[in-house]
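So the structure is just underneath, and the comments pick up after that.
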Amino acid sequence: MMVYLYPTGDTFIIYSDKNSLPKDMLINVIELDELPQGYGILKRNSNGEFYYDSGEPLPTEETVEDKLARMERQMEAQQQHSLTILDVNLTLYEEVLTLREEIAALKGTDNV
């Protein structure tokens with residue numbers, strides 16, 4: 001779908017019908033086959049490519065220090081999870097031993 005862009009400073013007004021533009025604006029109109037993907041304010045970079053500025057900061061590249069900190073947090077969380085599972089298993093084992101002792105006492109044997 002052909003679109004027509006009229007520059008307004010560093011942004012653009014989008015028109016879908018060239019005939020709806022006043023004649024004095026036609027000189028500055030930019031014709032595009034399609035708009036870029038995204039949302040926000042339509043702008044053009046220094047290479048002449050169009051993009052939408054959503055107003056959100058661009059994602060930054062993760063530094064080595066950030067990656068190390070993230071991995072340490074993940075390891076710490078995994079270790080805490082492992083300790084929790086170990087604690088649950090020990091509790092279950094203690095309950096199993098207690099039940100075996102109760103069964104042995106009911107049978108009158110010391111065989112656990």
Side-chain angles (χ1 to χ4, degrees):
M1 174 180 118
M2 184 68 76
V3 292
Y4 307 93
L5 308 177
Y6 182 76
T8 59
D10 65 341
T11 63
F12 298 86
I13 298 174
I14 303 168
Y15 293 91
S16 59
D17 181 12
K18 191 173 185 177
N19 296 325
S20 66
L21 290 158
K23 290 190 191 296
D24 61 328
M25 292 174 66
L26 290 174
I27 298 169
N28 296 322
V29 168
I30 301 166
E31 295 183 13
L32 287 180
D33 290 330
E34 62 184 6
L35 291 171
Q37 296 294 319
Y39 65 95
I41 298 171
L42 185 64
K43 293 189 175 188
R44 183 169 36 181
N45 65 21
S46 59
N47 297 332
E49 298 168 338
F50 291 94
Y51 69 98
Y52 285 106
D53 182 0
S54 65
E56 298 171 1
L58 295 174
T60 58
E61 208 169 299
E62 187 176 43
T63 65
V64 174
E65 291 84 4
D66 292 339
K67 186 175 183 177
L68 176 62
R70 179 178 51 80
M71 292 176 80
E72 286 175 340
R73 286 190 304 273
Q74 288 173 338
M75 281 178 35
E76 187 176 312
Q78 186 62 41
Q79 288 171 347
Q80 186 61 44
H81 179 70
S82 296
L83 289 173
T84 301
I85 290 174
L86 180 61
D87 187 50
V88 168
N89 285 337
L90 287 173
T91 301
L92 288 172
Y93 184 71
E94 289 173 357
E95 288 181 28
V96 166
L97 286 178
T98 301
L99 289 172
R100 284 184 178 169
E101 288 173 356
E102 288 178 17
I103 291 170
L106 289 173
K107 290 183 176 180
T109 65
D110 289 335
N111 194 2
V112 178

Please tabulate, for the side chains in residues 40-55, all donor-acceptor contacts under 3.5 angstrom to protein atoms that are two or more places apart in sequence or on a different chain.
{"unit_1": "K43", "atom_1": "NZ", "unit_2": "D53", "atom_2": "OD2", "d": "3.3"}
{"unit_1": "N45", "atom_1": "OD1", "unit_2": "N47", "atom_2": "N", "d": "2.9"}
{"unit_1": "N45", "atom_1": "OD1", "unit_2": "G48", "atom_2": "N", "d": "3.1"}
{"unit_1": "N45", "atom_1": "OD1", "unit_2": "E49", "atom_2": "N", "d": "2.9"}
{"unit_1": "N45", "atom_1": "ND2", "unit_2": "E49", "atom_2": "OE1", "d": "3.2"}
{"unit_1": "D53", "atom_1": "OD1", "unit_2": "G55", "atom_2": "N", "d": "2.9"}
{"unit_1": "S54", "atom_1": "OG", "unit_2": "E56", "atom_2": "N", "d": "3.3"}

Decide if atom CD of Q74 counts as having more than 12 heavy atoms of other residues, nucleotides or ligands within a radius under 6.0 Å.
->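 Counting other residues, nucleotides and ligands, CD of Q74 exceeds 12 neighbours.
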Take atom CG in D33; do more than 12 heavy atoms of anything else shown fall under 6.0 Å from it?
->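 Open.
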Hey, what do you get for [atom1] ([X]) to [atom2] ([Y]), rounding to the nearest 0.5 Å?
{"X": "Q79", "Y": "E72", "atom1": "CD", "atom2": "CD", "value": "10.5 Å"}
{"X": "I14", "Y": "Y4", "atom1": "CD1", "atom2": "OH", "value": "13.5 Å"}
{"X": "L92", "Y": "L97", "atom1": "CG", "atom2": "CG", "value": "11.0 Å"}
{"X": "M2", "Y": "D17", "atom1": "CE", "atom2": "CG", "value": "12.5 Å"}
{"X": "N89", "Y": "E94", "atom1": "CG", "atom2": "CD", "value": "11.5 Å"}
{"X": "E95", "Y": "L90", "atom1": "CD", "atom2": "CG", "value": "11.5 Å"}

Are [X] and [Y] close enough that some pair of their side-chain heavy atoms sits under 4.5 Å apart?
{"X": "F12", "Y": "Y6", "result": "no"}
{"X": "L99", "Y": "E102", "result": "yes"}
{"X": "E62", "Y": "R70", "result": "yes"}

With a 3.5 Å cut-off and sequence neighbours excluded, list the donor-acceptor pairs that the side chains of residues 24-32 form with protein atoms.
{"unit_1": "E31", "atom_1": "OE2", "unit_2": "K18", "atom_2": "NZ", "d": "2.6"}

Flag yes if L35 and Y15 sit in one hydrophobic cluster, no otherwise; membership is Ile, Leu, Val, Met, Phe, Trp, Tyr, and two members link when side-chain heavy atoms are under 4.5 Å apart.
->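 Each belongs to a different hydrophobic cluster.
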Which residues share a salt bridge (Lys or Arg N to Asp or Glu O under 4.0 Å) with D66, sequence neighbours left out |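 Partners of D66 by the salt bridge (Lys or Arg N to Asp or Glu O under 4.0 Å) criterion come out as none, since no residue qualifies.
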